[in-house]
Amino acid sequence: MTAETPTRYSPLSAWQDTLAQLPTGMRVRELPFLTQLSLRSPPGSPAAQAVEASLGITLPGPLRADMSGDIKVLWLGPDEWLLVAPEGRQDDLLAQLRSAIGDEFATVTDVSAQRTTLALSGHLVRTVLAQGCAIDLDPRVTPVGSCLTTLLAQAPITLVVRGEPGDTVSDVWLLVRSSFASYLATWLVDACTEYRGAIE
């Protein structure tokens, strides 16, 4: 007799149907269980260079994210990045990076359980987020590739602007701590209420 594999529930598993019913122009879906690794290293150091060489990436500078590859790289602070990869990559990436870093000064930590990710798209994204976020989301101020740690409706988030250069803000990721996820989903649903029936 084999033990049953426990069922995994994402922080917003109970919200899927509700989020699917948001008005036209505001699509919200959870990207659960993404691999998330915190990298701490002085920029430009031998350790940082070893990570870049091992993954074939360039660690982005302040307030930027590189979303082009299979491994997304988000700048979180002067010596901190968040590496985001598909589900189940934690162990192999940890082993790869720790091997590459060797004895150099850096840390790589699995923080996958800390946050979940919401993918927002549609022409109402900028309008809705402006109700609860002080960041100016005008694409001239926060262009594609911007990565900002801020508050949305008083919930700490990391906001990443995706899409193609020149796009309006209509495709973003919100990374939110799991303990704030339901609160943020509630706020998004409420903030969209007045736009029900909106036409593309």
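Residue numbers run from 1 in the order of the sequence given.
Side-chain atoms of Ser54 do not come within 3.5 Å of backbone N or O of Val51 as any donor-acceptor pair. Trp81 places no side-chain N or O within donor-acceptor distance of the main-chain N or O of Leu83, the cut-off being under 3.5 Å. A donor-acceptor contact shorter than 3.5 Å links the side chain of Ser178 to the backbone of Ala113. Checking side-chain atoms of Gln49 against main-chain N and O of Gly44 turns up a donor-acceptor pair under 3.5 Å. A distance-only check finds a donor-acceptor pair linking the side chain of Ser112 to the backbone of Gln36 [under 3.5 Å]. Side chain of Ser99 to main chain of Gln96: no donor-acceptor pair is present (N/O by atom type, distance under 3.5 Å, no hydrogens or angles). Without hydrogens or angle criteria, Arg29 side chain to Leu118 main chain gives no donor-acceptor distance under 3.5 Å.
To the nearest 0.5 angstrom, Gln154 atom CD is 9.5 Å from Phe180 atom CZ. Put simply, CG on Leu39 and OG1 on Thr107 are 7.0 Å apart, with the number rounded to the nearest 0.5 Å. Atom CG of Leu37 is separated from atom OG1 of Thr109 by 8.5 Å, given to the nearest 0.5 angstrom.
A continuous path of Ile, Leu, Val, Met, Phe, Trp and Tyr side chains, each step under 4.5 Å between heavy atoms, connects Met26 with Ile135, placing both in one hydrophobic cluster. A continuous path of hydrophobic side-chain contacts links Ile157 to Val161 [ILVMFWY only; heavy atoms under 4.5 Å]. One hydrophobic cluster, built from ILVMFWY side chains closer than 4.5 Å, cannot hold both Val84 and Val108; they sit in different ones. A single hydrophobic cluster is seen to contain both Leu159 and Val28, as judged by linkage of ILVMFWY side chains at heavy-atom distances under 4.5 Å, directly or through other members. Both Leu59 and Leu63 sit in one connected hydrophobic cluster of ILVMFWY residues. Membership requires side-chain heavy atoms under 4.5 Å apart, directly or through other members.
Side-chain atoms of Ser45 and Phe105, non-hydrogen and from C-beta on, never get closer than 4.5 Å to each other. Side-chain contact between Trp75 and Glu80: absent, with no pair of heavy atoms (C-beta onward) separated by less than 4.5 Å. Between Thr158 and Leu82, the closest side-chain pair of non-hydrogen atoms is not below 4.5 Å. Annotation: side chain of Leu93 is in contact with side chain of Ile71 (closest heavy-atom distance under 4.5 Å). Using a 4.5 Å heavy-atom threshold, the side chains of Leu174 and Leu120 count as touching. Residues Thr127 and Tyr195 form a side-chain contact, since some pair of their non-hydrogen atoms from C-beta on lies under 4.5 Å apart. By the 4.5 Å heavy-atom criterion applied to side chains, Ser38 and Gln114 are not counted as neighbours. Proximity of Pro86 to Asp70: side-chain heavy atoms (C-beta onward) are separated by under 4.5 Å at one or more points.
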Only distances under 3.5 Å count here; give the side-chain donor-acceptor pairs of residues 184-194 to other protein atoms, sequence neighbours excluded, each with its distance to 0.1 Å.
| residue | atom | partner | partner atom | Å |
| --- | --- | --- | --- | --- |
| Thr186 | OG1 | Ser182 | O | 2.9 |
| Thr193 | OG1 | Val189 | O | 3.2 |
| Thr193 | OG1 | Asp190 | O | 3.0 |

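Contact record, Asp92 with Arg89: OD1-O, 2.6 Å, taken as the closest heavy-atom pair. Minimum interatomic distance between Val144 and Arg162 (heavy atoms only, all atoms of both residues): CG2-O, 3.6 Å. The two residues Pro156 and Val176 make their nearest non-hydrogen contact at O-CG2, 3.9 Å. Minimum interatomic distance between Glu30 and Pro32 (heavy atoms only, all atoms of both residues): O-CD, 3.2 Å. Nearest heavy atom pair, residue Ala47 against residue Ser41, reads CB-OG, 3.6 Å. Looking at every heavy atom in both residues, Pro11 comes nearest to Ala181 through CB-CB, 3.9 Å.
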(request) Before giving the answer on side-chain contact (heavy atoms from CB on, under 4.5 Å), spell out for Asp171 and Val125 the whole-Å C-alpha distance, their side-chain angles and the decisive distance to 0.1 Å. (result) CA-CA 7 Å; Asp171 184 1; Val125 168; over 6 Å; no
(request) Start with the C-alpha gap between Cys133 and Thr150, add the side-chain angles, then the distance that decides, and say whether side-chain contact (heavy atoms from CB on, under 4.5 Å) holds. (result) CA-CA 8 Å; Cys133 183; Thr150 184; 4.0 Å; yes
(request) Take Leu74 and Met67, measure what side-chain contact (heavy atoms from CB on, under 4.5 Å) needs, and give me the verdict at the end. (result) CA-CA 8 Å; Leu74 285 56; Met67 306 294 282; 3.9 Å; yes
(request) Please lay out, stage by stage, how Ile101 and Arg98 fare under the test side-chain contact (heavy atoms from CB on, under 4.5 Å). (result) CA-CA 5 Å; Ile101 292 169; Arg98 287 172 178 169; 5.7 Å; no
(request) Just do the salt bridge (charged side-chain N to carboxylate O under 4.0 Å, His left out) check on Glu87 and Arg8 with the steps written out, would you? (result) CA-CA 12 Å; Glu87 178 182 357; Arg8 296 178 70 192; 2.9 Å; yes
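Donor-acceptor pairing under 3.5 Å is lacking for the side chains of Thr58 and Glu52. Between the side chains of Gln90 and Thr35, at least one donor N or O sits under 3.5 Å from an acceptor N or O.
Here Asp136 pairs with nothing under the side chain to side chain donor-acceptor pair (under 3.5 Å) rule; sequence neighbours left out.
Shown here is Arg64, whose CZ atom has more than 12 heavy atoms of other residues, nucleotides or ligands within 6.0 Å. Few gaps surround OH on Tyr183; more than 12 heavy atoms of other groups in view lie less than 6.0 Å from it.
Each of Thr117, Val172, Leu175 was scored for a side chain to side chain contact (heavy atoms under 4.5 Å, CB included) with Val160, with one residue passing: Leu175.
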